[in-house]
Amino acid sequence: MLKTEGLTLHYGGSQILHGVDIAARAGEVTCIMGTNGVGKTSLLKAIAGTHPRSGGGITLDGQAVGRVPPQAMARRGLAYVPQGRMIFPLLTVRENMETAFAVLPRAERFIPDEIYELFPILKEFLNRRGGDLSGGQQQQLAIARAMLMKPKLLLLDEPTEGIQPNIIQQIGRVIKYLRDTKGMAIILVEQYFDFAHDLGDRFYVLKRGAVAMEGTKDSLSRETLRAVVSV
């Protein structure tokens, strides 16, 4: 579903990504791991188009993608849940979800019952402002909004950050559901090792903006992966 080849990215005069090659397959969770500051979030931003890449290529669903803005990537089937969630604090829960309608045909601009089955609290709080929700509730809202876009590729950046354990478990169940029932390609950036290892099918470890290790869950032992991620 997604392939990057030789992806590079700069912030001003600093190079953040150095020739990153990754692949994310439909029906799999691809985990991007590594310590803080190695370029994980920058990689997601480069893929999503929220920060223009400096060089390299991106292929999405078999089609080469130029340096296009994030709204164009969304129309091609990419949804991005950024670190910090980026919900609209003054809009209601319903209005936040409805912002996803911009990439949908008019006939598909509705909120299906599936969303409320996966995230019951959102139905209860439909008319509550996004800024009045807890961190865990905002994360549920951000993932629901992404789901409404019916993406082929879903990018999740640190979805467990600052979230209470019961909501972490619920988010994990939703990610498995999207992978197994919807056949989405999911790229997960996550510092919580056990959560990432439980969900991941394929792993890439970044160091200093480059891929230092890659492999499937079957090919990488838990101990090896944990040791590399911790260094």
Side-chain angles (χ1 to χ4, degrees), residues 1-4 9 24 26 29-30 41-53 58-159 161 171 174-175 177-179 181-189:
M1 184 57 66
L2 174 89
K3 182 182 289 186
T4 72
L9 182 141
V29 174
T30 301
T41 292
S42 295
L43 176 58
L44 292 194
K45 288 181 176 180
I47 293 169
T50 60
H51 189 92
R53 64 186 188 272
I58 292 177
T59 303
L60 179 61
D61 198 15
Q63 300 293 319
V65 178
R67 290 182 178 86
V68 298
Q71 58 267 32
M73 291 300 287
R75 292 191 182 96
R76 289 172 182 248
L78 181 148
Y80 178 31
V81 180
Q83 193 174 21
R85 301 174 280 274
M86 298 297 288
I87 58 101
F88 297 101
L90 298 182
L91 298 184
T92 65
V93 166
R94 181 194 298 275
E95 289 167 340
N96 264 279
M97 289 193 287
E98 288 176 346
T99 61
F101 291 175
V103 299
L104 296 176
R106 190 167 298 277
E108 297 179 17
R109 294 179 182 178
F110 62 92
I111 301 172
D113 291 339
E114 174 186 50
I115 295 292
Y116 301 130
E117 291 165 3
L118 293 172
F119 302 109
I121 196 68
L122 299 184
K123 186 171 186 179
E124 182 180 343
F125 288 169
L126 269 180
N127 296 314
R128 185 170 296 192
R129 293 193 309 182
D132 294 334
L133 302 181
S134 70
Q137 291 161 355
Q138 288 184 359
Q139 188 63 271
Q140 292 176 78
L141 175 56
I143 294 173
R145 179 177 60 187
M147 285 177 58
L148 284 167
M149 297 166 66
K150 300 181 179 180
K152 302 171 185 175
L153 173 66
L154 176 63
L155 310 182
L156 297 169
D157 193 356
E158 302 281 4
E161 186 179 43
I171 289 171
V174 170
I175 292 172
Y177 171 79
L178 296 177
R179 175 190 63 193
T181 352
K182 302 293 186 182
M184 280 183 200
I186 299 171
I187 297 181
L188 172 66
V189 164

Original post:
Atom CG of Leu133 and atom CD1 of Ile87: how far apart are they, to the nearest 0.5 Å?
Top reply: 6.0 Å
Original post:
Just wondering, do Pro82 and Leu155 contact through their side chains at under 4.5 Å, heavy atoms?
Top reply: no
Subject >> Under 3.5 Å: donor-acceptor pair, side chain of Gln137, backbone of Ser134 >> reply: yes
**OP:** Of all the heavy-atom pairs spanning Ala26 and Gly183, show the shortest one and how long it is.
**Re:** CB-O, 3.5 Å
Original post:
Do you know which two heavy atoms are closest between Leu104 and Leu148, and how far apart they sit?
Top reply: CD1-O, 3.2 Å
Original post:
What are the two closest heavy atoms between Ala46 and Ile58, and how far apart are they?
Top reply: O-CD1, 3.8 Å
Original post:
Side chains of Met184 and Pro151: closer than 4.5 Å at any heavy-atom pair?
Top reply: yes
Subject >> Gap separating the CG atom of Leu9 from the NE2 atom of His51, nearest 0.5 angstrom >> reply: 4.0 Å
Subject >> Separation between CE of Met73 and CG of Leu78, rounded to the nearest 0.5 Å >> reply: 5.0 Å
Subject >> Test item: Phe119 and Val174 side chains (from C-beta on) under 4.5 Å apart, heavy atoms >> reply: yes
Original post:
Is there side-chain contact between Arg53 and Thr4, with at least one heavy-atom pair below 4.5 Å?
Top reply: no
**OP:** Return the minimal non-hydrogen interatomic distance between Phe101 and Phe110, and the atom names on each side.
**Re:** CZ-N, 3.6 Å
**OP:** Could you tell me which non-hydrogen atom of Pro159 sits nearest to which non-hydrogen atom of Val189, and how far apart they are?
**Re:** CD-O, 3.6 Å
Original post:
Do the non-hydrogen side-chain atoms of Tyr80 and Ile187 ever get within less than 4.5 Å of each other?
Top reply: no
Original post:
Looking only at heavy atoms, what is the nearest atom pair of Arg85 and Gln139, with distance?
Top reply: CD-N, 3.2 Å
Original post:
Are any side-chain N or O atoms of Gln138 and backbone N or O atoms of Gly130, one a donor and one an acceptor, separated by less than 3.5 Å?
Top reply: yes
**OP:** Test side chain to side chain contact (heavy atoms under 4.5 Å, CB included) on Arg76 and Asp61 and set out the steps.
**Re:** CA-CA 9 Å; Arg76 289 172 182 248; Asp61 198 15; over 6 Å; no
**OP:** Might you confirm whether atom CZ of Arg109 has over 12 heavy atoms from other residues, nucleotides or ligands at distances under 6.0 Å?
**Re:** yes
Subject >> Worked check of side chain to side chain donor-acceptor pair (under 3.5 Å) between Tyr177 and Glu114 >> reply: CA-CA 11 Å; Tyr177 171 79; Glu114 174 186 50; 2.4 Å; yes
Original post:
CD1 of Ile143 to CD1 of Ile115: how many Å apart, nearest 0.5 Å?
Top reply: 10.5 Å
**OP:** Would you check if Tyr116 and Ile111 make a side-chain contact, meaning some heavy-atom pair closer than 4.5 Å?
**Re:** yes
Original post:
Does a side-chain heavy-atom distance below 4.5 Å link Gln140 with Leu118?
Top reply: no
Original post:
About how many Å separate CD of Gln83 and CG of Leu156, when rounded to the nearest 0.5 Å?
Top reply: 12.0 Å
Original post:
In Å and rounded to the nearest 0.5 Å, what is the CE to OG1 distance from Met97 to Thr92?
Top reply: 8.0 Å
